[in-house]
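All remarks here apply to the structure that follows.
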Number of protein chains: 2
Amino acid sequence: MKPKNSLNPALVVERALAIVDTEGLDGLTVRKVADAFGVTPMALYWHFANKEALLAAVGDAVVSSLRIPDEDLPLEDYLREAMTSLVDVMRAHPSASPLVAQQIMQAEVGRDLTERFLDKLSLAGFDVERSAAVAHYTLQIAMTLVSREPGAELAFKPELRQEELDRKRAMLESLPEDRYPRLRAAADAMIECANTDEYYADGIAIFVAGVMADAKTLAEA
Amino acid sequence: MKPKNSLNPALVVERALAIVDTEGLDGLTVRKVADAFGVTPMALYWHFANKEALLAAVGDAVVSSLRIPDEDLPLEDYLREAMTSLVDVMRAHPSASPLVAQQIMQAEVGRDLTERFLDKLSLAGFDVERSAAVAHYTLQIAMTLVSREPGAELAFKPELRQEELDRKRAMLESLPEDRYPRLRAAADAMIECANTDEYYADGIAIFVAGVMADAKTLAEA
DNA sequence: ACCTGAACACCGTTCAAGT
DNA sequence: ACCTGAACACCGTTCAAGT
């Protein structure tokens, strides 16, 4: 006798997110979620229209922990804090970061953050198209930093991980030293992040500096 | 009577790339490629170890048309040209851009480009870790600009495309005007690129400016 | 209202067999 | 050397039926 009402959207999303965390986005299947509840795959279709809706709900759940920077901050600080906030939220569930990017506008917090960002961009001289583009870059680059962090592609095959890293290193070390000295010297740094926090801080700093350089150009024109 | 030797890796890759172009990366299946040749799915396994190897070969094929910037260019111009070259190659086959990012180091042209880029970064004061990180950002951001170009996610459902765009616009236009004036004004710009070339030029310019700002900081230190 | 069971149209891939 | 055929363990999802 199965307990009825053992399923509800919030519980399902929680389980689904756990699977995404441990097995990656491609590792999430309707059947695995059902098994985790000891239930038939079709049971989930009472609570979600389809897998796409379940994934969207997972994205919404992660987005909800986003925090909005102080609205009084000037553009540069607002951008840096917004991007840092996005990156932090995504790093908590790296495999779900594409879902965060996809669902951010469905959440009030995402809309509020974007609205204020667009406002600050506008005041800094960015026209509507450029503002929209910069907001888009910000979100997508945050996602990319997290989901393509060096070594992240091997996160779900722990037994193959070391082997794959060695294979990549061997490939770089097999290159002729006279022709590829920089690649060989950078081999370790290219296959895995030595300092993850620095990787994110630098990536964010570069993008923020780039946007501010653009703002300066616009201010001078 | 099937003609034998109708299959070879180059032909298979060509067909697979065509499918990726018209149906997206997820639309590529071993069975579809086989059907396109009027052959059994298993026929492909004579030429490729598995689907992963086929995808890698598709990536290699696209990477091969990459061009290397003039090696005498200073860092800023070299970076801008390298990134533009990457973006151009990827825009020719947007759905394959993740494969390009994945396979770039397997191609001589990719290794040469990266080697010279790392060298210029080093001369500009970037240490090994930062150089590797910047090379990584460059490649991944180029990929992201292309594969997440606004509207790109709807490219393979032409019949649903207009409907989806309308749905997104309706969502933004349903927001209260007094609270979300910028979002409403930017609605059109956020769901679709009005000027695609500008989208790419701006994205590249921002990243290049960001890297150069970093270089300036390093030079002063 | 909430879930089961059987079935369908797909996947990638193994393995033995054909020519 | 190159390809077929049958089979296996997976997918998401429909549809009718149970309680």
Side-chain angles (χ1 to χ4, degrees), chain A residues 1-20 22-59 95-96 98-99 102 153-154 156-157 159-160 164, chain B residues 1-20 22-59 95-96 98-99 102 153-154 156-157 159-160 164:
Chain A
M1 48 180 295
K2 298 274 156 53
K4 274 219 175 183
N5 297 1
S6 73
L7 248 48
N8 65 60
L11 272 180
V12 172
V13 165
E14 187 187 356
R15 270 300 192 183
L17 181 55
I19 294 175
V20 169
T22 55
E23 308 186 44
L25 207 45
D26 291 342
L28 179 71
T29 70
V30 174
R31 289 168 137 94
K32 275 185 200 162
V33 179
D35 283 350
F37 285 100
V39 101
T40 277
M42 287 316 301
L44 300 178
Y45 284 78
W46 179 258
H47 304 277
F48 297 92
N50 47 37
K51 189 184 180 182
E52 191 187 348
L54 171 57
L55 288 171
V58 171
S95 299
L99 303 177
Q102 190 195 311
E153 67 277 11
L154 306 168
F156 309 112
K157 309 178 179 176
E159 74 285 3
L160 291 177
E164 269 291 308
Chain B
M1 46 180 295
K2 297 276 156 54
K4 276 220 174 184
N5 296 0
S6 73
L7 248 48
N8 66 60
L11 272 179
V12 172
V13 165
E14 187 187 356
R15 270 301 192 183
L17 181 55
I19 294 175
V20 169
T22 55
E23 308 186 42
L25 207 46
D26 291 342
L28 179 71
T29 70
V30 174
R31 290 170 138 92
K32 275 184 200 163
V33 178
D35 285 348
F37 285 100
V39 102
T40 278
M42 288 315 301
L44 300 178
Y45 284 77
W46 179 259
H47 303 277
F48 297 91
N50 47 36
K51 189 183 180 182
E52 193 187 347
L54 172 57
L55 288 171
V58 171
S95 299
L99 303 177
Q102 189 195 312
E153 68 276 12
L154 306 168
F156 308 112
K157 308 177 180 177
E159 74 286 0
L160 291 177
E164 269 291 307

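Lettering of chains follows the sequences in order, A, B, ..., and the numbering in each one begins at 1. These numbers come from the heavy atoms of this one structure, side chains and all, not from hydrogens, waters or symmetry mates.
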Report task. Give a yes/no on whether any side-chain N or O of B/Thr40 is located under 4.0 angstrom from OP1 or OP2 of D/dC3. Result -> no
What is the distance, rounded to the nearest whole Å, between atom [atom1] of [X] and atom [atom2] of [N]?
X	N	atom1	atom2	answer
B/Phe37	D/dT4	CZ	P	12 Å
A/Leu25	D/dG12	CG	P	12 Å
A/Tyr45	D/dA17	OH	C1'	19 Å
A/Ile19	D/dC11	CD1	P	10 Å
A/Leu44	D/dT14	CG	C1'	15 Å
B/Leu11	D/dC2	CG	P	13 Å
A/Met42	C/dA7	CE	P	15 Å
B/Glu23	C/dC10	CD	C1'	14 Å

Report task. Taking A/Lys32 for its side chain and A/Gly27 for its backbone only, find out whether a donor-acceptor pair lies under 3.5 Å. Result -> yes
Report task. Measure from the side-chain N and O atoms of B/Asp35 to the backbone N and O of B/Gly38, and report whether any donor-acceptor pair falls under 3.5 Å. Result -> no
Query raised in the report: Does C/dG12 have a Watson-Crick or wobble partner in any strand here, with both distances under 3.5 angstrom, and which is it?
Result: D/dC8
Requested in this report: With a 3.5 angstrom cut-off on both distances, give the Watson-Crick or G-U wobble partner of D/dC2, or none if there isn't one.
Outcome: C/dG18
**Report entry** Spatial distance of atom CG (A/Leu55) from atom CG (A/Leu25) [nearest 0.5 Å]
**Finding:** 6.0 Å
Requested in this report: Mind checking the NE2-CG spacing from A/His47 to A/Leu7? Nearest 0.5 Å is all I need.
Outcome: 4.0 Å
Report task. Start with the C-alpha distance between B/Lys157 and B/Glu164, add both sets of side-chain angles, then the distance that settles salt bridge (Lys or Arg N to Asp or Glu O under 4.0 Å), and finish with yes or no. Result -> CA-CA 10 Å; B/Lys157 308 177 180 177; B/Glu164 269 291 307; over 6 Å; no
Report the nucleotide, chosen from [options], that has the shortest atom-to-atom distance to any side-chain atom of [X].
X	options	value
A/Arg31	D/dT13, D/dA7, C/dC15	D/dT13
B/Trp46	C/dC3, C/dT13, D/dC3	D/dC3
B/Lys32	D/dT14, C/dC11, D/dC11	C/dC11
A/Val39	C/dT4, D/dG12, D/dT4	C/dT4

Report task. Assign each of A/His47 and B/Lys51 to its nearest nucleotide of DNA chain C by heavy atoms, then name whichever residue's nucleotide is nearer the 5' end. Result -> A/His47
